[in-house]
Amino acid sequence: KLQASGRKLLACFLFGFLTDYSSFIMNGAAGTTKQCHCCESFIFKLNKRRGCRLCKEKFCSDCCSVKARYPPSFGFSKPQWVCIECLPTLFAMRAVDTSFPSDQTGPSTKSRIVDGSFCTKEKGDVHLPFKVFSPVGRVFFRLSGMKEGKQFHRTPLKKAMALQKKLGLPSVGSQTRHYIRVPAEIPRESWRLDTPFEISSNDDDIENNTKWEEISAFVYEPKGRETGEKLPVLIWYHGGGFCIGSMEDAIYEWISRVLCNQIHCVVVSVDYRLAPEYQHPVQVEDAYWALKWVYERGEELFGIDVSRIVVAGDSAGGSLAALIPIMTKLRKGPKICHHVLVYPCLVNPCDDAYESQVTYKNGPLLTRKVMRWMMASCLGEAHIEPKDLFPLLLEDEFICGLPPATIINAEHDPLRDHGLEYFKKLQRCGVQVRRTVYSKSIHGFFGSQIGESDEAVMDAAASIISAFHYHNKEK
């Protein structure tokens with residue numbers, strides 16, 4: 001019986017494929033074959049036909065690969081397909097759709113505008129895969145010794161990332177490793193956010209080489225880049241509580257490659273030095289020196305347009321992406337046209353100051369114990385709150401005049417309210433900002449390819465595309 005059922009399924013598949021193929025042969029010349037509205041390729045069973053609910057056109061699965069939540073006025077209770085051409089328009093619409101007031105009663109499955117932020121769902125339980133992943137992640141934290149009094153080592157996490165990388169990564173035009181020279185030591189006592197860190201002029205001499213170290217960066221160039229084409233650049237700072245994570249992790253390689261191809265820009269993924277071996281402000285200064293290196297050497301090394309630079313990052317990397325525009329403004333450094341903050345840590349997360357820090361202090365995944373260990377490793381003591389690491393503590397005068405921002409938060413995350421408070425602070429200071437809360441997601445979901453991950457990545461990509469397009473028109 002099983003063999004007979006298998007033969008039937010195979011026969012049905014072959015019949016469907018041959019029917020579409022014969023239709024292509026018979027009708028292709030007459031132009032009646034179904035074609036993708038974007039790439040104009042012919043659509044078969046193996047390349048599914050999808051309809052964008054925004055422009056009402058038909059696309060292949062490559063050009064219409066993301067399901068996203070539509071604004072409340074559309075009335076959809078579930079995510080719908082959106083084509084690659086409509087992505088920037090859709091995400092821009094989500095921030096300004098006020099057709100449904102935030103306090104309106106209705107189906108909990110529909111999207112909502114709450115406190116000016118777009119929420120993908122009024123109330124959403126955590127995606128089932130995240131419920132499974134969360135305890136597994138905690139096991140790796142314990143195996144790595146991320147606990148007070150334990151010997152810390154990154155081997156278990158590196159092995160997990162190496163295993164994930166074997167599942168495959170998207171292809172890009174090219175990927176090269178570069179090295180960025182940075183100061184070996186940065187004294188905490190004399191370091192200031194608004195003052196460039198200077199090295200004496202004779203430090204190029206051989207005897208003074210001990211004052212310099214190197215950090216790595218991956219440079220990704222997109223597929224289909226034309227010879228001599230000047231592209232904008234996205235600088236990505238990875239997450240990991242300033243203690244773990246790497247540009248070589250599978251999740252960050254995947255994010256960098258997808259953004260590189262979707263935006264059609266150069267992506268520079270930075271491997272800043274980590275705690276506890278290097279404490280604050282080394283991570284912040286490394287991030288700034290990487291920006292300077294891109295601005296000063298980028299055009300020569302990989303042909304970028306240095307007038308169009310965006311910085312972005314997740315978690316601790318989101319903190320760096322929030323600080324860099326402030327630093328470059330105060331230090332009169334390279335201009336940034338946009339910054340994207342994915343569940344950033346913008347104030348010390350180890351207390352009960354915010355509702356989300358209380359609600360999710362035991363996870364999922366990111367717990368207060370882990371955060372306390374990370375803060376102690378980075379700052380020396382868990383309870384310290386230096387203003388030059390946490391933008392929420394800075395006075396408004398530091399925030400005024402910053403470039404536009406996009407904030408992406410997960411609902412089930414102790415850092416959720418950091419994004420909300422910074423969103424309000426940016427608005428109060430006159431900075432253009434858009435925020436989205438992904439209601440079924442947890443800290444670390446961005447780039448996981450689970451649940452709302454793809455939608456969030458395209459959300460970030462759409463903001464960056466719009467920023468590059470706007471600044472290109474200004475020129």
Take W254 and Y220 through the test ring pair (Phe, Tyr, Trp, His ring centres under 6.0 Å) and record every step on the way to the result. CA-CA 11 Å; W254 187 89; Y220 300 88; over 10 Å; no

Stepwise, does the ring pair (Phe, Tyr, Trp, His ring centres under 6.0 Å) test hold for F242 with H280? CA-CA 9 Å; F242 304 110; H280 174 70; 7.9 Å; no

Just do the salt bridge (Lys or Arg N to Asp or Glu O under 4.0 Å) check on D305 and R308 with the steps written out, would you? CA-CA 6 Å; D305 177 1; R308 291 186 291 163; 3.0 Å; yes

CA sep, side-chain torsions, deciding dist, call: Y278, D286, side chain to side chain donor-acceptor pair (under 3.5 Å): CA-CA 11 Å; Y278 298 90; D286 281 0; over 6 Å; no

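What you find for S356 and D417 is that their closest heavy atoms are N-OD2, 2.9 Å.
Checking each of R188, R273, R331 against E285 for a salt bridge (charged side-chain N to carboxylate O under 4.0 Å, His left out) leaves exactly one that passes, namely R331.
At a threshold of 4.5 Å between non-hydrogen side-chain atoms, the residues F398 and L330 count as touching. Between H412 and S441 there is no side-chain heavy-atom pair separated by less than 4.5 Å.
Here the side chain of T436 pairs no donor or acceptor atom with the backbone of I408 at under 3.5 angstrom. Using a distance-only test at 3.5 Å, with no hydrogens or angles considered, a donor-acceptor pair links the side chain of S319 to the main chain of C345. With hydrogens and angles disregarded, a donor-acceptor distance shorter than 3.5 Å links the side chain of S463 to the backbone of D459. For T328 (side chain) and P334 (main-chain N/O), a donor-acceptor pair under 3.5 Å exists by modelled atom type. Judged purely by atom type and a 3.5 angstrom limit, D454 has no side-chain atom pairing as donor or acceptor with the backbone of A68. Under a 3.5 Å cut-off, the side chain of E452 and the backbone N or O of K440 do form a donor-acceptor pair. Between the side chain of K223 and the backbone N or O of H264 there is no donor-acceptor pair closer than 3.5 Å.
Evaluation of the salt bridge (Lys or Arg N to Asp or Glu O under 4.0 Å) test over residues 251-267, restricted to residues two or more places apart or in two chains, returns K165-E253, E253-R257.
Evaluation of the side chain to side chain donor-acceptor pair (under 3.5 Å) rule for T155 yields no partner, not counting sequence neighbours.
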Kindly list each side-chain donor-acceptor pair under 3.5 angstrom involving residues 132-145, sequence neighbours excluded, with atom names and distances?
{"from": "S134", "atom 1": "OG", "to": "L365", "atom 2": "N", "distance (Å)": "2.6"}
{"from": "R138", "atom 1": "NH2", "to": "N362", "atom 2": "O", "distance (Å)": "2.5"}
{"from": "S144", "atom 1": "OG", "to": "F140", "atom 2": "O", "distance (Å)": "2.9"}

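Within a 6.0 Å sphere centred on CZ of R192, other residues, nucleotides and ligands contribute 12 heavy atoms or fewer. Annotation for K335: atom NZ does not count as buried by contact number, only 12 or fewer foreign heavy atoms lying within 6.0 Å.
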